[in-house]
Amino acid sequence: LKQQTISIVDSESDGDEARGNSSDCHVFSLHCPITKTVIDTPVRGRDCSHLQCFDLRNFLHANKNPSAGRWRCGVCQRFLCCEDLVRCGLFDA
């Protein structure tokens with residue numbers, strides 16, 4: 001499978017930066033890092049520092065038997081609870 005990604009570039013960037021040659025360009029996958037399937041409901045932890053999202057259904061399934069009763073982010077493995085999940089509006093574009 002070819003990796004599908006979204007690039008976010010600062011609107012004031014010049015041509016080189018728009019091609020991803022800048023630290024102002026952020027790239028993330030459209031595939032869930034948990035199951036490698038296309039993300040249906042994109043979420044991430046409110047306090048996570050990454051843009052990469054994961055699929056809500058995959059996250060809930062992967063955490064159905066959480067370690068020590070605590071859930072972990074599907075990207076950075078930080079502990080989080082259901083209230084910490086936020087829907088990613090970047091996928092709505």
Exercise. In Å, rounded to the nearest 0.5 Å, how long is the span from OG1 of Thr41 to CG of Leu85?
Worked result: 11.5 Å
Problem set entry | Residue from Asp55, Ile39, Val38 passing side-chain contact (heavy atoms from CB on, under 4.5 Å) with His31 | Val38
For this session: Count the heavy atoms belonging to other residues, nucleotides or ligands that lie under 6.0 Å from NE2 of His50, then report whether that count exceeds 12.
Result: yes
Exercise. Got a sec: does the CZ of Arg72 have more than 12 other heavy atoms crowding it under 6.0 Å?
Worked result: yes
Problem set entry | For Phe54, all residues meeting ring-ring contact (aromatic ring centres under 6.0 Å, His included), sequence neighbours excluded | Phe59
Problem set entry | Distance, nearest 0.5 Å, that separates CG of Asn63 from CG of Asn58 | 11.0 Å
Seminar exercise, completed: From the list Cys73, Pro33, Pro42, side-chain contact (heavy atoms from CB on, under 4.5 Å) partner of Gln52 resolves to Pro33
Exercise. In Å and rounded to the nearest 0.5 Å, what is the OG to CZ distance from Ser49 to Arg78?
Worked result: 6.5 Å
Exercise. Which value, rounded to the nearest 0.5 Å, describes the distance between Leu30 atom CG and Cys32 atom SG?
Worked result: 11.5 Å
Seminar exercise, completed: What one should report as the nearest heavy-atom pair of Cys48 and Leu80 is SG-CD2, 4.0 Å
Exercise. Side-chain heavy atoms under 4.5 angstrom apart, residues restricted to Ile, Leu, Val, Met, Phe, Trp, Tyr: same cluster for Leu60 and Ile34?
Worked result: yes
Problem set entry | side-chain contact (heavy atoms from CB on, under 4.5 Å) between Phe79 and Asp84, worked out | CA-CA 10 Å; Phe79 288 112; Asp84 292 334; over 6 Å; no
